[in-house]
Amino acid sequence: MTVLPSEPGAQHQEYDLAVVGAGPAGLAGAVTASELGLSVALLDTSAQTGGQFYRHPAPALGAVRPEALHHDWSAYSDLRRRLHGSDAVHLAGHHVWSTVREPDGSWTVHAVTGTDGNGERPVRVRARALLLATGAYERQLPFPGWTLPGVVGAGGAQAMLKSGLVLPGHRVVVAGSGPLLLAVASSLAAAGAQVPAVVEAAGYLRYARNPRVLLSNPGKAAEALLHGAALLRHRVGVRLRSAVTEVHGAGRVEGVTVTRLDADWRPVPGTGRRIACDALAVGHGLVPQTELATTVGCATRPLPDGTRGLVLDDLQESSVSGLWAAGETGGVGGAELARTEGELAGRAIVARLLGRRSGGGRIAELRRRRDRMRTFADLMAAAHAPGPGWTDWLTDGTDVCRCEEVSAGRVREAVAELGAGDARTVKLLTRAGMGWCQGRMCGTAVACLAARDGEPPVERRPLAAPVRLSTLAALDGAADREAASPEAS
């Protein structure tokens, strides 16, 4: 309900709803709630709306047709227009590091400002309800040479193109697993890069075995055909059941070894083939970003690809009353599903706060659409789930934790000789996962090497983003000023 910057005498503003994340889900939720009568604050780390999916160039770059780099740009344009025409307040450049449920059931959202959260201006946003639309981050499976300059995330390569209008290299191999690879490869090829191969560790037979799900989601099939046609046009080959198992180069990527995989993702001996390139865009799907929710006790559920998403009810509310979530936080499913869930959550929040019934034709339509697309998302996650044999790619000298430079050999030693039986114990013994990314890059690998049980267990972290000690100290000062103000008496 209140924005409290650290400076004394700051103006206070009242909010019914705080939305964290200005991607498709957050935008849809914010504009829906605002148009239906709620006061809304929309917080996001970026200076622009759109999130990772609708990332676009800064105005200073002078891009004439940014929509050419996106699928379904009109849907985003409509949401952006509605946001500008609404009373919702867009708080750009706000890095949310904590959410707190107050005794009266309201929420306090803590953020810091600045491009990288270094603006040294702590902000507190208070609201009656909270909607988390924090998206996801890329899952990386390490392999020898993955720390060489020129190796970027698949999503990172797309972000470089969309927001910076630059390519990661001239000759770029795209590898990993998941439908994002097709989109990345077609975008890079259309922008002028040579893409010698798309290397997919899984296959597509699981899709063919579920024709009913495909028929109920014709838009997804059309999108796949669109990317497939683009790859054919640019003569890009797709290698299934294969993976990049080594990167070669002296100071920078000069080539990669692509190896066939068996059904468990173990490299098939003697099948390695070298491909010359100067960049590698690699990623093995996305991981729901749930730290803000799990910190306050929201329940999670296992997803078909081994990651975990939030447990949400039919109206997108989490297991913690007053906290809703939409988009990738409940499981990765794409922009259309995110927009649908965002609107559904927005309408449910309006119904709760204004005492209206949450039924009606629009709610029922959104739920049907959500369920249909969520079924496809589960199929997609299962089709591209990593097999247990991928750890055979790793030599003992391969860095697993890049931040702390912890090798696979050190992790294996912690398990075999020091008795570590889970990722947390390995972390304590080796510092794997204690670096700047807080395990987002290495968590999967450490968990698999430690216990071969897939993704690491859910951790409740008090800080979802880096924050300075001076910022924490300023919060106490702000609280003291608030307690001493006439309004508090």
So do [Y] and [X] actually touch side chain to side chain, heavy atoms under 4.5 Å?
| X | Y | answer |
| --- | --- | --- |
| Trp390 | Cys448 | yes |
| Val296 | Trp107 | yes |
| Val89 | Val40 | no |
| Asp399 | Val406 | no |
| Tyr76 | Arg339 | no |
| Leu449 | Val426 | no |
| Pro142 | Leu394 | yes |
| Arg82 | Leu79 | yes |

Answer yes if the side chains of [X] and [Y] hold a donor-acceptor pair under 3.5 Å, and no otherwise.
| X | Y | value |
| --- | --- | --- |
| Thr375 | Asp378 | no |
| Thr49 | Tyr54 | no |
| Asp16 | Ser39 | yes |
| His227 | Ser186 | yes |
| Thr329 | Gln289 | no |
| Arg370 | Gln316 | yes |

Strictly distance-based, threshold 3.5 Å: is any side-chain N or O of [X] a donor or acceptor partner for the main-chain N or O of [Y]?
| X | Y | value |
| --- | --- | --- |
| Arg374 | Gly331 | yes |
| Ser163 | Ala159 | yes |
| Asp44 | Ala22 | yes |
| Gln140 | Val282 | yes |
| Ser319 | Ala299 | yes |
| Ser106 | Glu102 | no |
| Arg308 | Leu303 | no |
| Asn217 | Gly219 | no |
| Arg410 | Thr430 | yes |

Evaluation steps, side-chain contact (heavy atoms from CB on, under 4.5 Å), between Ser318 and Val311: CA-CA 6 Å; Ser318 73; Val311 172; over 6 Å; no

Give me the atom names and distance for the closest heavy-atom approach of [X] to [Y].
| X | Y | answer |
| --- | --- | --- |
| Val152 | Ala157 | CG2-CB, 3.9 Å |
| Gly21 | Leu42 | O-CD1, 3.4 Å |
| Leu17 | Ala33 | CD2-CB, 3.6 Å |
| Ala28 | Val31 | O-CG2, 3.5 Å |
| Glu328 | Ala136 | CB-CB, 3.9 Å |
| Pro168 | Ala279 | O-CB, 3.6 Å |

According to the interplanar angle, ranging from 0 to 90°, do the rings of Trp265 and His284 count as parallel (below 30°), tilted (30 to 60°) or perpendicular (above 60°)? tilted

When rounded to the nearest 0.5 angstrom, what distance separates [atom1] in [X] from [atom2] in [Y]?
| X | Y | atom1 | atom2 | value |
| --- | --- | --- | --- | --- |
| Asp371 | Leu366 | CG | CG | 10.5 Å |
| Ile349 | Leu354 | CD1 | CG | 11.0 Å |
| Trp73 | Arg80 | CH2 | CZ | 5.0 Å |
| Cys403 | Arg440 | SG | CZ | 10.5 Å |
| Leu180 | Phe53 | CG | CZ | 9.5 Å |
| Arg139 | His384 | CZ | NE2 | 11.0 Å |

Apply side-chain contact (heavy atoms from CB on, under 4.5 Å) to Val100 and His110, showing your working. CA-CA 8 Å; Val100 178; His110 294 283; 4.1 Å; yes

Quick one: do Arg362 and Glu343 make a salt bridge, cutoff under 4.0 Å?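 A salt bridge is present here (some side-chain N lies under 4.0 Å from a carboxylate O).
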
Decide yes or no on side-chain contact (heavy atoms from CB on, under 4.5 Å) for Thr108 and Val125, but give the supporting numbers first. CA-CA 6 Å; Thr108 299; Val125 175; over 6 Å; no

Around Asp313, counting heavy atoms of other residues, nucleotides and ligands shown, do more than 12 lie under 6.0 Å from its CG? yes

Checking Arg368, Arg369, Arg367 against Glu365 for salt bridge (Lys or Arg N to Asp or Glu O under 4.0 Å), the one that qualifies is Arg369

